Each structure stands twice: as structure tokens, then as C-alpha cells.
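Just so we're clear, the structure is a prediction, and the values are computed from it rather than from any experiment. Reminder, nothing fancy here: chain letters follow the sequence lines and each chain counts from 1.
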Number of protein chains: 2
Amino acid sequence: MRKKLDQEQANYIIDVCASANLRTVSGSLTQLYNHLLKPTGLKITQYYMLGNIYTSPDISISKLGEMMLLDQTTVTRNLNILNDSGYVQIKRAKQDSRTKVVTITELGYDKLNEATPIWAQVQEQIEGSIGKAEYMDLLKKLKALQKAIDEFKS
Amino acid sequence: MRKKLDQEQANYIIDVCASANLRTVSGSLTQLYNHLLKPTGLKITQYYMLGNIYTSPDISISKLGEMMLLDQTTVTRNLNILNDSGYVQIKRAKQDSRTKVVTITELGYDKLNEATPIWAQVQEQIEGSIGKAEYMDLLKKLKALQKAIDEFKS
DNA sequence: TTCTATTACATGTATATACATGTAATAGAA
DNA sequence: TTCTATTACATGTATATACATGTAATAGAA
């Protein structure tokens, strides 16, 4: 018979929970980025998706989802917003008309260039503040954590 | 005159971006938790909020938001869902009728106890997989990053 | 005491996200 | 070649989240 949770244990959970710690920091950073990116009209998620599309021209919706670790339905919806702004072009693939291929437009590429200095400013501030080596180690640990999660899922 | 972004630079950004790395890992872990918590009907965010309410009885909506680093309006909405499930009780404070105070219910406490073993299972798996000491160091770095973000915001 | 500023919460709106499921098209078995 | 299974994307629905703004109540100045 497991004992019921007392407040001390609950405080411990709140403190060490991987999910909560990641979500909180991630949320704060997203908020900071979105605030600074406001003049561009882009959100950080949109900036990131545009970047991925730029580096992988004519990528399919599913592939984009695999690359970004997002559900296909999420990609579909986020792409629609970028499409409405004219930042991407979405058309059916010639060989397989189920598949759609996505490409960044001139306008989207301009936006990407407009937002990049803002991205860099925050990134540099972060790396400077916690230290370049420390930051690289953080990234390494995040990737290890990602691997641990993937293992658990499989 | 700044040079335009080439694909190599874009790949670099995608790879090192703090926001993207955090969001991706955070999202994967949230997904894993929500999958495993499905039998309980709780989401990991709801579990976490319930835990915070349990450790701070009669907390106000704003204070809860400060504690969890969430916007007040987000707390209001997330609380409504917990309230509809009967997991929390929300009533006006006696001294100040603008303020509302939130408390966990018996039912909510039972849910918290039901979900905690699942939380623990994943947490242990993570700590075991990347190593306890490594995990603690990751937490430390996340908190350092949080501080860096807070500094930037102020 | 009265009026104004501030505080605490709610609502409108938009994006981000995933799951369950639907639809259309291709692939592959018979 | 025909039928069925699979694949690729879309849609319905729900939660999570924040910003702009509204409303009601208190605090504080005059």
C-alpha cells in the first residue's frame, strides 16, 4: 500500500520535475522571443519553421513534421498561417498527388532575414550569460534527454 | 550591410537555437507524459498545477501564476478545466472580494495520488538513463538559463 | 467622504499543439 | 486488372498559452 502524497513530497516533485522545468524555461524564452520579434510580426515558432523550410526546399508536410518532431496535423495548421502571410508556397507533388511540397517564398526569405538579427541577439545574450562552454554542455544534455525520451517511447 | 542568410547559417541556427532545443525536448516529454497519463484523464500540465495548488492551499490566481511563471489569464483558463472536473475549489477571498482563492478538493487529491506513480516512473527512467548527477547538472543549467532570461527581460 | 488610480480577475482573439478520425490517392496483393 | 491496405494530408475537437482589453472592487489622494 503506497503512502499518500504529503506536501513535502509534492514540493520535491515540483522542484525536480523534468517536464515542468523544461516547460517553464521553454515558455519564458518563447515569451521573450515573441516579445522581441513583435515588430517583425513573426513568432519564434514561425521563424523556426521558416528556417527549416528554407534549408529543405520542396520538403513534404510529413517530412517537415519528422524533422521538427511535430505532429503532421500541427505542421499543416502552422503552415496555413505562414501560407496566408505569403511566406511559403505549398503545392502538390508531381509524382504523388497525395504529397504536398513546401517552399519558402521571396517574402518569407525576407522575413527570415529580418528576424535573424533578433534571434542572434538573444542567443548571444544567453550564451554570454551562462557561458559558451556551459551552453554547449546544456545542449548536449538536452540531446541526451531527447534520446532518453525516445527510448522510453519505443 | 549585413549579408543574407545562407543555408549553412540557417542549419547552424536550427541546430543551436536555445528556444527550439528546449521547445522540442519539452514537447516530446509532454507528449510522453500525456500518453502515459491518459488512463488518469490528467494532462501533465494539469498534474503540475494540481501539485502546486496542493502545496499552497488558498492561493490566489495571480500568485499561482507568479509561482508557475504563467500569465494570469492562462491560469484562469486552466483552472476552469480543473474546476469543471471537480479537482479544485475556487471561491472569493473574504477580505478582498476581487481576489479568488483556490484549493484542491478530495477528488483532486485522489487524482494527484493516482498520477504520481506515473510521474515517478518517467522521472526515474530519465534520471537513470542520463545519470543522476548529469540530471542534477542539467537542472542547474536550466535554472541558470532561466535567470539569464529573466535578466534579459528586466 | 468622494473621486481616481490601481488591482484582481475575466473575456475576446490568436497561435501552438496533439489525438481521433475522415478523405483522397497510391501501392501492392490476388 | 481489380480490390484492399496503406499513405499523406485535412478536419473536428480539446487543451495550453499569451496579449489586449474589459469589469468590478479596493486603495489612496484630495
Side-chain angles (χ1 to χ4, degrees), chain A residues 19-20 22-38 41-50 59-66 68-85 87 90-102 153, chain B residues 19-20 22-38 41-50 59-66 68-85 87 90-102 153:
Chain A
S19 179
L22 285 166
R23 198 152 18 78
T24 302
V25 179
S26 172
S28 290
L29 189 52
T30 295
Q31 221 176 310
L32 173 59
Y33 264 116
N34 286 347
H35 174 68
L36 296 173
L37 284 173
K38 187 149 284 187
L42 276 185
K43 306 252 170 174
I44 185 64
T45 48
Q46 299 172 338
Y47 172 75
Y48 184 64
M49 185 170 272
L50 264 188
I59 192 171
S60 78
I61 292 182
S62 306
K63 290 288 174 200
L64 190 55
E66 285 169 31
M68 297 179 69
L69 300 189
L70 292 175
D71 193 275
Q72 169 262 310
T73 63
T74 300
V75 177
T76 294
R77 280 178 163 125
N78 293 0
L79 275 178
N80 284 340
I81 294 170
L82 293 177
N83 191 43
D84 291 347
S85 301
Y87 299 156
I90 308 173
K91 42 183 186 181
R92 298 209 167 273
K94 286 154 221 113
Q95 338 82 282
D96 184 341
S97 77
R98 290 173 302 182
T99 304
K100 288 186 171 177
V101 291
V102 187
K153 281 183 177 169
Chain B
S19 180
L22 285 166
R23 199 153 16 80
T24 302
V25 180
S26 172
S28 290
L29 190 51
T30 296
Q31 221 176 311
L32 174 60
Y33 264 116
N34 287 346
H35 176 67
L36 296 173
L37 285 173
K38 187 150 285 186
L42 275 185
K43 306 252 170 172
I44 185 63
T45 49
Q46 298 172 339
Y47 172 76
Y48 184 64
M49 184 170 272
L50 264 188
I59 192 171
S60 77
I61 292 182
S62 306
K63 290 289 173 200
L64 190 55
E66 285 170 29
M68 298 179 68
L69 301 189
L70 291 176
D71 195 274
Q72 169 262 308
T73 64
T74 300
V75 177
T76 294
R77 279 174 166 132
N78 293 0
L79 275 178
N80 284 340
I81 294 170
L82 294 178
N83 191 43
D84 291 347
S85 301
Y87 299 155
I90 307 172
K91 41 183 187 185
R92 296 209 169 273
K94 287 153 221 116
Q95 339 81 281
D96 184 340
S97 77
R98 287 172 304 184
T99 304
K100 289 187 170 176
V101 290
V102 186
K153 281 183 177 171

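Using a 4.5 Å cut-off on side-chain heavy atoms (C-beta onward), B:I61 and B:Q72 make contact. At a threshold of 4.5 Å between non-hydrogen side-chain atoms, the residues B:S28 and A:L69 count as touching. The shortest side-chain heavy-atom distance between B:Q31 and A:D71 does not fall under the 4.5 Å cut-off.
Across all strands shown, C:dT2 forms a Watson-Crick or G-U wobble pair, both distances under 3.5 Å, with D:dA29. Remark: D:dG12 base-pairs with C:dC19; criterion is Watson-Crick or G-U wobble with both hydrogen-bond distances under 3.5 Å.
B:Y87 and B:L42 get closest at one heavy-atom pair: CE1-CD2, 3.9 Å.
Among the candidates A:N34, A:T30, A:N78, the single residue satisfying the side-chain contact (heavy atoms from CB on, under 4.5 Å) test with A:K43 is A:N34.
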Next item on the list: Evaluate the criterion side-chain contact (heavy atoms from CB on, under 4.5 Å) for residue pair B:L22 and A:R23; output intermediate values, then yes/no.
Entry: CA-CA 8 Å; B:L22 285 166; A:R23 198 152 18 78; over 6 Å; no
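Phosphate contact (OP1/OP2 of C:dT26, side-chain N/O of A:S97, threshold under 4.0 Å): present.
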Notebook entry, point to check: When you check every protein heavy atom under 4.0 Å of nucleotides 8-17 of chain D, what one-letter string (B, S, -) results, 5' to 3'?
Noted result: SBBBBB-SSB
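The CG atom of B:L37 sits 15 Å away from the C1' atom of C:dA18 (whole-angstrom rounding).
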